[in-house]
Amino acid sequence: MKTYDLERFKGITVAMYSCYDEKGEVSKEAAKKLARHYANIGVNGLYVGGSSGEGMLQNVEERKQTLEAVMEEVGQEMTIIAHVGAPSTRDSVELSKHAEQVGAHAISAVPSIYYRLSPQSVEHHWQQMIDSTSLPFIIYHIPQTTGFQLSKALLTKMAAQDKVIGVKISAESTFELQQFKAAGGDDFLVFNGPDEQYLAGRSIGADGGIGGTYGVMPELFMKIEQCYVEGKAEEARKWQFIVNDLIAELLSFPSLYGACKQILKLRGLNTGEARLPFLPVPEAEISRLEAINEKILSYINQAQV
């Protein structure tokens, strides 16, 4: 039995976008404004410094600044998970300790990237973070970017620790999600990663979701969650299909993150351009993105009726 409050981590957690100023430097002011926006909507939590937050494109100090801004603004209102994964174990441990110092509610990490590591290396990498703080730890499984395939055996071994409370699964197989949930047990959290299968993930055992496109339409994912909890299967599917069509449109741009950040800008939330090599939205495509934004806002209005 885990000794941490697992309930606070369930539901919709937005994978927060990076926040830069006009010079491309981290903007604590923009991060606070964005975090406040999600708090006002009623989002349960924020996942800071992950893929959507461009954590791997930022240095340690930039990642610290972003987390500090979020904690200062909404740390007492939302559940904040700090992604501390970095190429080096040393940086990951430093980020872990900082997360605890500023009051984050949990830490999470991918395996080290670039090098093809053995399961023993990845286990040691994660264990160093786990042992460096008293915070609960959430494994981040995203093999399509890390190249590491988390086995059920390693997951089971890690989950036996009290501090290891869950896994975020961004692999595309809901079978794997179900298998990991079974391996971890009832008091082990599984977070659905692929936004386009949120409902499928919930239906097969996920306790909630952490996602990037949630950032431009959290209300729609909250609607899917509400319908699922209330047993309204047909309505839940309707909203998932709407979300999937919107995701398909967003993926048609050179960079998903560039498109999502531009949508926020259209709504008065300027988080700056995505950091290269992520590309901004071409000027010729702005009008198409404006139409997508209007479509999203229209669906949000319908969902809130």
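All values derive from a computational prediction rather than experimental measurement.
Side chain of Asn301 to backbone of Ala303: no donor-acceptor contact under 3.5 angstrom is found. Without hydrogens or angle criteria, Glu54 side chain to Arg275 main chain gives a donor-acceptor distance under 3.5 Å. No side-chain donor-acceptor contact under 3.5 Å links Asn44 to the backbone of Gly11. Of the possible polar contacts, none joining the Arg237 side chain to the Lys232 backbone as a donor-acceptor pair under 3.5 Å is found. At least one donor-acceptor pair closer than 3.5 Å links the side chain of Asn244 to the backbone N or O of Glu196. Checking side-chain atoms of Tyr198 against main-chain N and O of Ile224 turns up no donor-acceptor pair under 3.5 Å. Side-chain atoms of Ser112 come within 3.5 Å of backbone atoms of Pro87 as a donor-acceptor pair (strictly under, hydrogens ignored). Put simply, the side chain of Ser96 gets close to the backbone of Ser92: a donor and an acceptor are under 3.5 Å apart. Between the side chain of His105 and the main chain of Ile81, no donor-acceptor pair closer than 3.5 Å is present. Side-chain atoms of Asn192 do not come within 3.5 Å of backbone N or O of Ala200 as any donor-acceptor pair.
Electrostatic pairing of Asp207 and Lys181 counts as a salt bridge here, judged by a charged N lying under 4.0 Å from a carboxylate O.
When side chains are defined from C-beta on, Leu220 counts as touching Ile300, because their heavy atoms get closer than 4.5 Å. Proximity of Leu246 to Ile296: side-chain heavy atoms (C-beta onward) are separated by under 4.5 Å at one or more points. Proximity of Ile139 to Met158: side-chain heavy atoms (C-beta onward) are separated by under 4.5 Å at one or more points. Contact of the Val167 side chain with the Phe188 side chain is registered, since non-hydrogen atoms from C-beta on lie closer than 4.5 Å. Between Thr271 and Tyr20, every side-chain heavy-atom pair lies at or beyond the 4.5 Å cut-off. Using a 4.5 Å heavy-atom threshold, the side chains of Glu219 and Tyr299 count as separate. Put simply, the side chain of Tyr17 reaches to within 4.5 Å of the side chain of Ser52, judged on heavy atoms. Under the 4.5 Å side-chain criterion, counting only non-hydrogen atoms from C-beta, Pro143 is in contact with His141.
Residues Arg36 and Val74 come closest through the heavy atom pair NH2-CG1, 3.9 Å. Closest approach of Ile80 and Gly75 over heavy atoms only: CG1-CA, 4.4 Å. In terms of heavy-atom proximity, Ile107 sits nearest to Ala99 at CG2-CB, 3.7 Å. Nearest heavy-atom pair, His83 versus Arg63, reported as atom, atom and distance to 0.1 Å: O-NH2, 2.9 Å. Taking all atoms of both residues into account, the shortest heavy-atom contact from Leu177 to Gly205 is CD2-C, 4.1 Å. The two residues Leu276 and Leu279 come nearest to each other via the heavy atoms CD2-CD2, 4.2 Å.
One hydrophobic cluster holds both Trp126 and Phe180 under the rule that ILVMFWY side chains link at heavy-atom gaps under 4.5 Å. Met217 and Val281 end up in the same hydrophobic cluster when Ile, Leu, Val, Met, Phe, Trp and Tyr side chains are linked at under 4.5 Å. Connection of Ile142 to Leu189 is established within a shared hydrophobic cluster, with ILVMFWY side chains joined at heavy-atom distances below 4.5 Å, either directly or through further cluster members. Placement of Val122 and Val84 within a single hydrophobic cluster is found when ILVMFWY residues are connected by side-chain heavy-atom separations under 4.5 Å, directly or transitively. By the rule that hydrophobic residues join a cluster once side-chain heavy atoms approach within less than 4.5 Å of another member, Leu199 and Phe241 end up as members of separate clusters.
One side chain, Gln149 or Glu176, offers a donor N or O that lies under 3.5 Å from an acceptor on the other. A donor and an acceptor atom, one from each side chain of Gln262 and Glu273, are nowhere located under 3.5 Å apart. A donor and an acceptor atom, one from each side chain of Ser18 and Lys261, are located under 3.5 Å apart. Judged purely by distance below 3.5 Å, without hydrogens or angles, the side chains of Ser203 and Tyr228 never pair a donor atom with an acceptor atom. The closest side-chain donor-acceptor pair between Ser51 and Tyr140 falls under 3.5 angstrom. There is no side-chain donor-acceptor pair under 3.5 Å between Glu77 and Tyr38.
Note that the CD1 atom of Ile247 and the CD atom of Gln197 stand 10.0 Å from one another [nearest 0.5 Å]. With rounding to the nearest 0.5 Å, the separation of CG in Leu135 from CD in Glu100 is 4.5 Å. Expressed to the nearest 0.5 Å, how far CD of Gln240 lies from SG of Cys227 amounts to 11.0 Å. Here the CZ atom belonging to Phe253 is positioned 4.5 Å from the CG atom belonging to Leu289, to the nearest 0.5 angstrom. The distance from atom OG of Ser88 to atom CD of Gln128, rounded to the nearest 0.5 Å, is 11.5 Å. Taken from CH2 in Trp239 to CD in Gln226, the straight-line distance is 10.5 Å, to the nearest 0.5 Å.
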Quick one, Tyr47 with Ser108, criterion side-chain hydrogen bond (donor to acceptor under 3.5 Å, both in side chains). Give me CA distance, side-chain angles, the key distance, then yes/no. CA-CA 9 Å; Tyr47 191 86; Ser108 178; 2.7 Å; yes
Decide side-chain hydrogen bond (donor to acceptor under 3.5 Å, both in side chains) for Gln144 and Ser170; before the verdict, give the C-alpha distance in whole Å, the side-chain angles of both, and the deciding distance to 0.1 Å. CA-CA 8 Å; Gln144 60 268 43; Ser170 290; 5.7 Å; no
Salt bridge (Lys or Arg N to Asp or Glu O under 4.0 Å) evaluation trace for Arg288 with Glu249: CA-CA 10 Å; Arg288 185 164 73 90; Glu249 292 191 70; 5.5 Å; no
Evaluate side chain to side chain contact (heavy atoms under 4.5 Å, CB included) for Lys223 paired with Gln302, printing each intermediate quantity in order. CA-CA 10 Å; Lys223 184 67 173 181; Gln302 293 177 42; over 6 Å; no
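Tested against Glu73, the residues Lys32, Lys28, Lys33 include a single side chain to side chain contact (heavy atoms under 4.5 Å, CB included) partner, Lys32.
No more than 12 heavy-atom neighbours from other residues, nucleotides or ligands sit within 6.0 angstrom of CD on Gln76. More than 12 heavy atoms of other residues, nucleotides or ligands sit less than 6.0 Å from atom NZ of Lys238. Crowding of Glu283 atom CD: a count of heavy atoms from other residues, nucleotides or ligands under 6.0 Å not exceeding 12. Counting heavy atoms of neighbouring residues, nucleotides and ligands inside a 6.0 Å radius, atom CG of Asp186 does not exceed 12 of them. Within 6.0 Å of the CD atom in Glu29, the count of heavy atoms belonging to other residues, nucleotides or ligands does not exceed 12. Taking a 6.0 Å sphere around CZ of Arg90, one finds it holds 12 or fewer heavy atoms contributed by other residues, nucleotides or ligands.
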